[in-house]
There are 2 protein chains.
Amino acid sequence: MVVETELSDAEVDRIFHALADATRRDIVRRTLAGDASVTDLAAAYEMSFAAVSKHVGVLEEAGLVTRHPEGRRRMVRGNPERIARAQRLLDAYERLWRDRVGRLDDLLAEPTSTSTPA
Amino acid sequence: MVVETELSDAEVDRIFHALADATRRDIVRRTLAGDASVTDLAAAYEMSFAAVSKHVGVLEEAGLVTRHPEGRRRMVRGNPERIARAQRLLDAYERLWRDRVGRLDDLLAEPTSTSTPA
DNA sequence: AGTTTCTACAACCATTTGGTTGTACGTTAA
DNA sequence: TTAACGTACAACCAAATGGTTGTAGAAACT
């Protein structure tokens, strides 16, 4: 079983910020489907190599991809665990919502209010 | 059954960007658990009312919260559907990964390579 | 050895972001 | 009607973002 390490606000910031860009999401998509070098990736977008390299850097900072030197190339690999982690973060919000709906149900079920919360 | 409307790149950008800030995530948390006015929210953070109002604006643009006038107050309500939508977006990435692992399994299962891909 | 390939890094620039203060307007309470 | 409350909006500012070009180094081919 994998231990669920606590993510700091700053780390969560980085994860969502990294995902808030279509080019970066596409890089994640490609590198989850199969490894690709930075040049491979750069060929897919209408921007400079340097720009793509920066995007990969942002994703790496967020832990969404890792770079593995292989000769003179740097292979980029998507990290599915971080994606799963982001999903679990959103899970927590949905749980809050369900709790709220539960409380509203209680209110409707007990209009006599035997124990009204503050 | 709810129809799954297609989200544009720009919309997805807005959703993840809105989530890439700890204050905004906290606002989502609070407004999913129960409605709150902008003033209620502003009292919780060490920044000006205007700053909090801007954060709510960013969340509203992303569809993560809605504002409902109630007298002179604007009640802010979290939108759990958008959260669920974001989760489903991440689902797609995980699926890609599972496909990849599936392909690697095939490779290991058939080392005689009856049909090697390019 | 020399050249090409793949990459990183620094400097620079325009735009966006996240914060501020000040002004104004609709709604409620005295 | 006057005052107080809740809010939005505009103007402004410093810092971060997303792009560019240019320089330079390490690995591989000839």
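The figures that follow rest on heavy atoms only: side chains count, while hydrogens, waters and symmetry mates do not. Labels below follow one simple rule: chain letters A, B, ... track the order of the sequence lines, proteins then strands, and each chain is numbered from 1.
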Rounded to the Å, how far apart are [X] [atom1] and [N] [atom2]?
{"X": "Asp21(B)", "N": "dT16(C)", "atom1": "CG", "atom2": "C1'", "answer": "14 Å"}
{"X": "Asp35(A)", "N": "dC6(C)", "atom1": "CG", "atom2": "P", "answer": "17 Å"}
{"X": "Leu19(A)", "N": "dT17(D)", "atom1": "CG", "atom2": "P", "answer": "15 Å"}

Between [X] and [Y] (side chain of the first, backbone of the second, donor and acceptor by atom type, cut-off under 3.5 Å), is there such a pair?
{"X": "Arg85(B)", "Y": "Thr5(B)", "answer": "yes"}
{"X": "Ser53(B)", "Y": "Phe49(B)", "answer": "no"}
{"X": "Arg77(B)", "Y": "Leu32(B)", "answer": "no"}

Query - Ionic contact status for Asp91(A) with Arg98(A), cut-off 4.0 Å - result: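 No, this pair does not count.
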**Report entry** Asp26(A)/Arg29(A) ion pair, N-O < 4.0 Å
**Finding:**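 Salt bridge between Asp26(A) and Arg29(A), a charged N being under 4.0 Å from a carboxylate O: yes.
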Query raised in the report: Using a cut-off of 4.0 Å on non-hydrogen atoms, how would the nucleic acid contact of Thr23(B) be classed: base, sugar-phosphate, or nothing?
Result: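 Here Thr23(B) touches no strand at all.
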**Report entry** Within residues 45-62 of chain A, residues whose heavy atoms come under 4.0 Å of DNA chain D
**Finding:**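 Heavy-atom contacts with DNA chain D come from Met47(A), Ser48(A), Ala50(A), Ala51(A), Lys54(A), His55(A).
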Query raised in the report: Side-chain heavy atoms under 4.5 angstrom apart, residues restricted to Ile, Leu, Val, Met, Phe, Trp, Tyr: same cluster for Val58(B) and Met75(B)?
Result: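 No, separate clusters.
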Report task. Among residues two or more places apart or on two chains, list those pairs meeting salt bridge (Lys or Arg N to Asp or Glu O under 4.0 Å) that have a residue in residues 36-65 of chain B. Result ->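 Salt bridge (Lys or Arg N to Asp or Glu O under 4.0 Å) check on residues 36-65 of chain B returns Asp40(B)-Arg73(B), Glu60(B)-Arg67(B).
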Query raised in the report: Which residues in residues 10-17 of chain A have at least one heavy atom lying under 4.0 Å from any atom of DNA chain C?
Result: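 Of all residues in residues 10-17 of chain A, none places a heavy atom under 4.0 Å from DNA chain C.
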Query raised in the report: Mapping Arg74(B) and Arg72(A) to their closest nucleotides on DNA chain D, which lands nearer the 5' end?
Result: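 Closer to the 5' end of DNA chain D: Arg74(B).
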**Report entry** Crowding at CD, Glu4(B) (>12 non-hydrogen neighbours, <6.0 Å)
**Finding:**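 Yes, CD of Glu4(B) has more than 12 neighbouring heavy atoms, counting only those of other groups under 6.0 Å.
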Query raised in the report: Side-chain N or O of Arg73(B) less than 4.0 angstrom from OP1 or OP2 on dT28(C)?
Result: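 No, because none of the side-chain N or O atoms of Arg73(B) sits under 4.0 Å from OP1 or OP2 of dT28(C).
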